Amino acid sequence: MGLIGVFVVRMRLSAIGYSMSHGAFAGAALGVATATNPLLTGLLFASGTAFLIGPIADKARLHADTITSIVFPLNMALAFVFLTLVPEVGLSSQVANVLWGSIISMTNADLVYLVTLFAATLAIVYFVWKELFAIMFNRKLAEADGINTKPFIYLIIFLAGVVVTFSLKLVGGLLIYALLFNPASTVLQFSENMRKVVVASPLVGMATTVSGLFVSLFFDLPVGSCIVIVSTIVFAVALLLSPKRRRKEENEK
Amino acid sequence: MVRLKTQNTARQSNKTTNEAIIKLEDVSTVYEGARRTAIKNVNLTVKRNELVYVVGPNAAGKTTLLETINGMLPTFKGKASVFGLNVQTHARQVRCEIGYVPQDFMVKPGEPYTALDVVLMGRYGQIGFLHHPSKADKAEALEAMKLIGVETLADRPMGKLSGGQQQKVMLARALAKNPRILLLDEPFSNLDPDSRGQIPTLITKLHQEKGLTTLIVTHDIHHMLDQCSRVVVVSGGRITFDGTPEKALPLVENHPHTTSLEATHH
């Protein structure tokens, strides 16, 4: 997941503009949980998201798409956490699993699928690394050097689709964005070497997943939501500590 | 194998002197979008070892003209061939023979690519699908960097280099594939004063020593005018003049939009 995330982030294939509505959703969920007007809390969250995305994108010098893709699952995760706080919410466990995932429902077969998928992704990336690297740098230049870029873009979109589908059980369909974007975006704060980014992103992904799992067990909250919240916190810390940002600010002074 | 064969044919035919290497016949753009300026009924023949200056005001169609030559223009009317190969049906072979430096290319600070990564990418099209760059490829890339005088920057992150240094790295990238043709789009813009003097000298050296057929697109005729053999003036998507630099100068100087870099930048 973290591996494919590198390419999705670098090629700017990320979706635009889901964050606002889901900010409202998280707010409304908080409203229900705390018995205040859901409309009011929804509005607060949505406008909060809007105010966050622009300035963060500016400050972090990330593409607004990337920020959107990080804020979107964070809002969803918060919404689900708030919803589980409401005792009357009676979602069937199956529905709940699809929405926010459950590591407990993972079977051995699921694990085999995921490991196979990881090996296959690794192999594909190894063999077409040269093309992917050039396209991430600049698609037009890659074309000018004689690389037919279209099949490789389609390959990444296809792989992202497959990886998302197979990871559904773990984090749930609505939170899956976080695992795709957060590790890659976190590592890109630190490294100026694309090869290191590709190696480190899956590792960061694994570490945040395991930490999220422990947080979930400790506080008895949904696993998917905890993974998303932990990986977003890790990204936020990375943003604050990033030597790249600091150097730029110094240059500006 | 296919690539090698085409390259060999291209190189053999290249030996004939005065042979037309680039040939545009009645080329016109079909779709006119915001990103590309239209060109209309352009006829242009460039012979081996020529150094051609393509000048004209902004949005005259100069870049579109270059993009037609390396097959980057997806659809157009008319015929365009390089080494006798149709640029659309043989795009990959044609592009492997052309070193291209685009306009205003700047890598942002913090981007995870070293200068050597960028130069080596110039060879990727030739290496072939499923193959990784070999030691020989890396040596060629370093050789190109040495030729331009940027070999000491090889391990530096691209985004941390100055505009002039990046421009030189991009020139090395274009040379890394050992091209027969060099297409340079506004190579004198974004340069610091030091590089502004060096880049024209470098281009002249490459043209003379490597015998590269060179096309330079610029809005400023004054750089290197004494070195070029021919000036093509593009205006409103059409070629309005094609001749010697001496004859071109009064024409261009009278044009209100074509100014020297000095006038634009100071």
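Please read all numbers here as calculations on a predicted model, not as lab measurements. Quick note on labels: first sequence line is chain A, next is B, and so on, each numbered from 1.
- A distance of 8.5 Å separates CZ of F133(A) from CG of L120(B), quoted to the nearest 0.5 Å.
- Closest approach of M72(B) and K140(A) over heavy atoms only: CE-O, 3.2 Å.
- Most heavy-atom pairs under 4.5 Å with chain A, from the set P157(B), G159(B), G71(B): that is P157(B).
- Judged as a ring pair (Phe, Tyr, Trp, His ring centres under 6.0 Å), and not counting sequence neighbours, F127(A) has no contacts.
- Remark: the backbone N or O of G128(B) is paired with a side-chain donor or acceptor of K130(A) at under 3.5 angstrom.
- Within a 6.0 Å radius of NZ in K210(B), more than 12 heavy atoms belonging to other residues, nucleotides or ligands are found.
- Here D145(A) pairs with R173(B) in a salt bridge; the nearest charged N to carboxylate O distance falls below 4.0 Å.
- Under a 3.5 Å cut-off, the side chain of Y113(B) and the backbone N or O of F137(A) do form a donor-acceptor pair.
- With a 4.5 angstrom heavy-atom cutoff, V107(B) touches chain A only via side-chain atoms.
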Please evaluate residues D117(B) and R195(A) with respect to the criterion side chain to side chain contact (heavy atoms under 4.5 Å, CB included), reporting the C-alpha separation (whole Å), side-chain torsions for both, the decisive distance (0.1 Å), and the verdict. CA-CA 11 Å; D117(B) 284 339; R195(A) 285 168 197 86; 3.4 Å; yes
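- With sequence neighbours left out, Y126(A) forms a ring pair (Phe, Tyr, Trp, His ring centres under 6.0 Å) with H132(B).
- Contacts of V118(B) with chain A are made by side-chain atoms alone, with heavy-atom separations under 4.5 Å and no backbone atom involved.
- The contact between N138(A) and chain B is made entirely by side chain atoms (from C-beta outward), counting heavy-atom distances below 4.5 Å.
- The closest side-chain heavy-atom distance from E131(A) to I127(B) is not below 4.5 Å.
- With R92(B) contributing its side chain and I147(A) its backbone, the two residues share no donor-acceptor pair below 3.5 Å.
- With a 4.5 Å cut-off on non-hydrogen atoms, F105(B) touches chain A through its side chain but not through its backbone.
- Between E111(B) and M136(A) there is no side-chain heavy-atom pair separated by less than 4.5 Å.
- Here OH of Y124(B) is found 8.0 Å from CH2 of W129(A). Values are rounded to the nearest 0.5 Å.
- P112(B) and S191(A) make their closest contact through CB-O, 3.9 Å (heavy atoms, listed as atom of the first residue, atom of the second, distance).
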